[in-house]
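Here the structure comes first, spelled out in structure tokens, and everything after it is commentary.
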Amino acid sequence: MTDFVTLHDVQSARSRIAGKVVHTPTVQSVALSEIAGVPVFLKLEHRQTTGAFKLRGASNAVASLGADERNRGVVAASTGNHGRALAYAASLEGIRAIICMSSMVPQNKVDEIRRLGAEILIVGKSQDDAQEEVDRLVAERQLVMVPPFDHSAVIAGQGTIGLEMLDDVPDAATVVVPVSGGGLGAGIAAAVKGLKPSAKIIGVSMERGAAMKASFDAGRPVLVEEMQSLADSLGGGIGLDNRLTFAMCRNLLDDLVLLSEDEIAAGIRHAYAVEREVIEGAAAVGIGALLAGKITSSGPVVLVLSGRNIDMELHRRIVCGERDPFAEIAA
Ligand SMILES: *Cc1c(COP(=O)(O)O)cnc(C)c1O
């Protein structure tokens, strides 16, 4: 159960989810290559169905269910990219998905996840209340919880990005990955290092509330205070009872760098103005780190652009260079 995910697991995941997820393009960025002095490629995973890579892990987890589990259905408490992905992956297979969320979640997020095929249960006023409802559904109705990162099938699914990347850029020397709970980083690192042990994997998080970095520093999973960040998909903890991603990331990541909000904004702006891509803050940390001079590599670099689910008014404010993009719109 607590076995680390291997290259072989990722290869199995790839055949399991073939046809259910997009093999996203990897394209060279002329501008970033010039800045870095080595070829820089962008893995355009924000163009994945549902707008983020999380569909890979959710699809692999759903495809790995036994017949009984498929009949009972899946459940999660995520209102972000994992919730969207699980809703879509389950509905594609005709499996019931229940996403629990608190009454504080904005209506547009609720509507989107419902549109992707999930049943929505509104419970309580906090994420903790929603998670309690998930635990109750698992205990009383035997639904299967699919967590967003600390789960071997989820990690293996995310790792399929690493296989596609090496197919498209076989001489990649450095891979730069956004890190929150670490499922994406652990999966990609397992795949890439399994095939090419010399490749370096650099994780990037935001300065404001990086749970994996704080846990590395403490030598064990720790809680961090949640703070508003442009990289909202990188917020949240890694779980005090983390089984897989903390240890895998500690073993497999060569570095974990942190970015300021201005550096993340610069990444979003560059993606839009120069690469002509709309990406969310979490997806912009690779570009932001490179622009900030925080990535060095003696060979080709691949940056993972992980998602595009950003509020478009927020995006407009960032690309227009507004100083306080989170400010309330004046009435
Ligand atoms: C979830 C997410 C991440 C971080 O993935 P982890 O597996 O939690 O480290 C990065 N970018 C986007 C867009 C995400 O949705």
Side-chain angles (χ1 to χ4, degrees), residues 5 10 24 42-58 60-61 76-88 109 112-113 146-162 175-191 201-206 209-216 221 224 226 229-239 242-246 248-250 252-253 256 258-259 264 267-268 271 277-289 303-311 315:
V5 173
V10 179
T24 53
L42 307 175
K43 173 68 167 159
L44 305 182
E45 189 61 20
H46 62 299
R47 300 203 200 155
Q48 187 55 260
T49 311
T50 72
F53 72 89
K54 293 239 175 29
L55 187 61
R56 295 173 185 263
N60 191 42
S78 164
T79 62
N81 289 332
H82 176 64
R84 300 165 62 96
L86 187 62
Y88 184 80
K109 284 201 166 187
E112 272 181 51
I113 291 178
V146 180
F149 52 86
D150 199 25
H151 181 286
S152 53
V154 171
I155 298 168
Q158 322 302 29
T160 59
I161 293 173
V175 174
V176 183
V177 184
V179 171
S180 174
L184 178 65
I188 289 179
I201 316 287
I202 313 290
V204 190
S205 303
M206 69 296 201
M212 186 64 79
K213 173 70 170 155
S215 301
F216 279 5
V224 292
E226 273 210 50
S229 169
L230 292 175
D232 57 327
S233 292
L234 301 186
I238 68 166
N242 189 290
R243 296 181 310 120
L244 298 169
T245 59
F246 171 67
M248 284 187 71
C249 286
R250 200 163 53 163
L252 295 170
L253 297 185
L256 182 53
L258 302 183
L259 292 195
I264 297 167
I268 294 174
E277 302 288 345
V278 172
I279 58 173
E280 57 177 288
V285 295
I287 297 177
L303 310 177
V304 179
L305 308 191
S306 51
R308 63 165 181 237
N309 293 321
I310 184 168
D311 178 278
H315 188 270

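The first residue of the sequence shown is numbered 1, and numbering continues consecutively from there. All values reported here derive from a predicted model rather than from experimental measurement. Read the numbers this way: they start at 1 and go in the same order the structure lists the ligands and their atoms.
- Atoms of ligand 1 lying under 4.0 Å from at least one heavy atom of Val179, given by number and element, are 9 (O).
- Scanning all protein heavy atoms for the shortest distance to atom 12 (C) of ligand 1 gives Ser306 OG, 3.4 Å.
- Counting protein heavy atoms only, atom 8 (O) of ligand 1 is closest to Gly181 N, 2.9 Å.
- Near Leu234, meaning under 4.0 Å from any of its heavy atoms, are these atoms of ligand 1: 3 (C), 4 (C), 10 (C).
- The ligand atoms of ligand 1 that sit less than 4.0 angstrom from a heavy atom of Gly182 are 6 (P), 7 (O), 8 (O), 9 (O).
- A donor-acceptor pair is defined here as one N or O able to donate and one able to accept, closer than 3.5 Å; no such pair exists between the side chain of Glu277 and the backbone of Ala271.
- Applying the 4.0 Å criterion to heavy atoms of Glu280 picks out, from ligand 1, the atoms 13 (C).
- Residues Phe149 and Asn242 are in side-chain contact: their nearest non-hydrogen atoms beyond the backbone lie under 4.5 Å apart.
- By heavy-atom distance, the residue among Leu184, Ile155, Asp150, Leu305 lying nearest atom 7 (O) of ligand 1 is Leu184.
- Not a single donor-acceptor pair under 3.5 Å links the side chain of Asn60 to the backbone N or O of Val154.
- Looking at atom 1 (C) of ligand 1, its nearest protein heavy atom turns out to be Lys54 NZ, 1.3 Å.
- Which parts of ligand 1 touch Phe53 is read off a 4.0 Å heavy-atom cut-off, strictly below it: atoms 1 (C), 2 (C), 3 (C), 5 (O), 10 (C), 11 (N), 12 (C), 14 (C).
- For ligand 1, the atoms sitting less than 4.0 Å from at least one non-hydrogen atom of Gly307 are 13 (C), numbered in the order shown with element in parentheses.
- Side-chain contact between Val10 and Thr160: present, with at least one pair of heavy atoms (C-beta onward) separated by less than 4.5 Å.
- The backbone N or O of Val146 sits less than 3.5 Å from a side-chain atom of His82, completing a donor-acceptor pair.
- Between Thr50 and Asn81 there is no side-chain heavy-atom pair separated by less than 4.5 Å.
- The contact set between ligand 1 and Gly183, taken as ligand atoms under 4.0 Å from a residue heavy atom, comprises 6 (P), 7 (O), 9 (O).
- Between the side chain of Thr245 and the backbone N or O of Gly181 there is at least one donor-acceptor pair closer than 3.5 Å.
- At a threshold of 4.5 Å between non-hydrogen side-chain atoms, the residues Ser78 and Leu86 do not count as touching.
- Heavy-atom contacts of Asn81 reach the following atoms of ligand 1: 13 (C), 14 (C), 15 (O) (cutoff under 4.0 Å).
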